[in-house]
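For reference, the structure I am asking about is given below.
In the text below, chain A, chain B and the rest are named by the order of the sequence lines, each starting its count at 1.
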Amino acid sequence: ETADRDKPINIQADTVTLDMNKGTRQFIGNVLIVQGTLRVQAERIDVTTNDVGDMKAVGVGRPVQFRQKQDNVDEYVEGYGDRMEYDSAKNQLQLLGNARVKRGLDEVKGASIFYDSVTQQYSVKGGASTTTSPEGGGRVTVTITPKPRPAAPAATPAPAPAPQ
Amino acid sequence: MPQFLKGAPWFLVLVLALLSGLAAWLERVVNAPAAARDGSSRHDPDYIIEQFEAQRYGPAGNLEYRLAAAHLEHYPDTDSSELRDARLVQMLPNQPQLVIVASRATLDRSQKRVIFNEGVIITQAAWQKQLPITLTTRNLTVWTDRKLAQTEAPLQLVQGSSRVDAVGMVMDQQARKITLKHHVRANYVQAK
């Protein structure tokens with residue numbers, strides 16, 4: 001949700017290392033980031049923050065997972081990827097490597113997926129065809145599941161003719 | 001079995017054993033070193049300093065740290081010093097100043113290890129674009145020569161709008177890294 005951007009960011013992990021030279025914080029082990037409805041889970045996340053508290057995070061995992069509620073709809077977007085880059089100021093998130101995003105029953109797969117939770121839109125890029133996946137490379141897969149049509153109202157039986 | 005042993009009562013043998021044991025014990029008691037009467041074996045201070053301050057310089061002549069205390073007592077038996085209201089200020093080249101204060105501290109015989117206890121507060125000054133850091137914990141061991149500090153106690157670290165709670169920490173000033181070892185809970189609040 002757009003309101004997530006103004007919510008506090010909570011991070012849990014096994015350990016964290018603050019690097020004073022780079023100004024980064026490396027959270028390692030069962031890392032969980034929660035900001036409003038946004039949840040990100042990863043093995044390791046490197047975080048940099050600026051002096052007003054905006055955060056940039058780069059996460060790796062098997063896979064990295066994120067989940068966020070949509071505005072005005074009781075529906076969540078879920079994303080998975082080998083690597084994730086998140087910018088809390090812009091509310092943008094990028095999944096790289098075996099990227100997959102699900103919204104309701106619809107699903108998108110590609111090499112990388114860019115998701116903007118302000119506009120609630122995402123763009124997908126296929127990966128360059130590689131020797132290991134020549135057929136699958138370069139392609140984007142989108143699965144859109146039609147919403148079940150509401151059942152037609154039951155036909156009302158025609159009124160019986162009046163007796164002569 | 002020889003004839004003379006059959007008849008010999010075994011309690012005579014027992015009595016002889018007891019007597020020889022008694023003799024050995026008496027000899028040890030009589031010859032035991034006399035407890036030194038000069039008090040050096042007791043844990044008593046041999047000197048006390050009020051408003052203590054020590055400064056250590058590095059090989060290049062730069063001031064590395066300043067250790068101060070309102071009250072210091074030196075104990076000859078352990079060759080260690082107990083400090084009250086201790087304060088350690090560390091200054092390393094190209095690094096922010098680090099200040100550690102605590103209600104009590106112990107300077108061990110090596111003079112290079114300080115164990116801080118009770119109300120330990122570590123403050124690292126702002127540096128380049130980084131905000132100051134304040135860290136509070138129960139106890140902290142500092143190796144002044146190795147520029148290392150460590151605790152296994154719960155701690156809280158505050159920097160700007162972020163706060164981190166954890167258990168256990170290693171602060172390596174040479175590498176300029178702080179590692180919080182267990183149960184890390186970080187909270188960032190956006191400045192409005």
Side-chain angles (χ1 to χ4, degrees), chain A residues 1-59 61 86-93 117-118, chain B residues 90-99 122-135 137 147-152 154-192:
Chain A
E1 283 182 342
T2 319
D4 289 344
R5 176 171 38 181
D6 303 323
K7 297 276 175 48
I9 301 164
N10 291 299
I11 305 178
Q12 295 176 29
D14 294 341
T15 70
V16 63
T17 295
L18 289 71
D19 188 323
M20 304 295 162
N21 291 319
K22 297 179 198 156
T24 61
R25 295 180 176 202
Q26 188 171 75
F27 293 86
I28 296 176
N30 305 304
V31 187
L32 170 66
I33 295 184
V34 175
Q35 183 182 24
T37 68
L38 170 71
R39 284 173 68 91
V40 178
Q41 286 175 277
E43 271 310 303
R44 194 194 86 202
I45 293 185
D46 294 355
V47 170
T48 48
T49 51
N50 59 18
D51 36 21
V52 293
D54 294 327
M55 180 182 83
K56 282 196 167 94
V58 177
Y86 171 62
D87 184 329
S88 76
K90 296 177 186 162
N91 244 326
Q92 291 170 348
L93 185 139
S117 62
V118 174
Chain B
Q90 278 191 306
M91 302 138 239
L92 298 180
N94 303 315
Q95 287 205 28
Q97 177 172 284
L98 189 76
V99 178
I122 306 163
T123 338
Q124 180 171 282
W127 178 259
Q128 294 165 348
K129 282 198 297 181
Q130 288 176 29
L131 299 169
I133 290 178
T134 303
L135 199 146
T137 184
K147 318 292 190 285
L148 207 57
Q150 180 164 332
T151 183
E152 294 306 328
L155 59 100
Q156 185 177 91
L157 182 148
V158 175
Q159 182 179 32
S161 62
S162 78
R163 193 188 90 182
V164 185
D165 293 281
V167 176
M169 174 199 75
V170 175
M171 177 186 270
D172 183 338
Q173 279 183 278
Q174 305 274 41
R176 301 211 55 223
K177 286 186 176 177
I178 299 175
T179 298
L180 307 183
K181 295 163 68 172
H182 313 290
H183 309 303
V184 172
R185 298 286 178 275
N187 180 277
Y188 297 84
V189 178
Q190 254 91 348
K192 291 289 173 270

For B/Arg185, I'd like to know if atom CZ has over 12 heavy atoms of other residues, nucleotides or ligands within 6.0 Å. yes

On a heavy-atom basis, which atom in A/Gly59 and which in A/Ile45 lie closest, and how many Å separate them? CA-CG1, 3.8 Å

Check whether B/Val164 gets within reach of chain A through its side chain, its backbone, both or neither, counting any heavy atom under 4.5 Å. side chain

Quick check on the interface: out of B/Lys177, B/His182, B/His183, B/Arg176, who has the most heavy-atom pairs with chain A under 4.5 Å? B/Arg176

Could you check which of A/Val34, A/Asp19, A/Val47 has the highest count of heavy-atom pairs closer than 4.5 Å to chain B? A/Asp19

Any donor-acceptor pair under 3.5 Å linking the side chain of B/Gln159 with the backbone of B/Leu131? yes

Less than 4.5 Å to any heavy atom of chain B: does that hold for the side chain of A/Asn10, its backbone, both, or neither? both

I'd like to know whether CZ of B/Arg163 has more than 12 heavy-atom contacts from other residues, nucleotides or ligands below 6.0 angstrom. no

Leading residue by heavy atom contact count with chain B [cutoff under 4.5 Å; candidates A/Lys22, A/Met20, A/Gln26]: A/Met20

Has B/Thr151 got a side-chain atom pairing as donor or acceptor with B/Gly168's backbone, closer than 3.5 angstrom? no

Among the options B/Gln130, B/Met171, B/Met169, pick out the one with the most heavy-atom pairs lying under 4.5 Å from chain A. B/Gln130

Counting heavy-atom pairs under 4.5 Å with chain A, which one of B/Asn187, B/Thr179, B/Ile178, B/Asp172 comes out on top? B/Ile178

Interchain contact, B/Gln95 with chain A, by part (heavy-atom threshold 4.5 Å): neither

Can you confirm whether B/Lys181 is buried at NZ, in the sense that more than 12 heavy atoms of other residues, nucleotides or ligands lie under 6.0 Å from that atom? yes

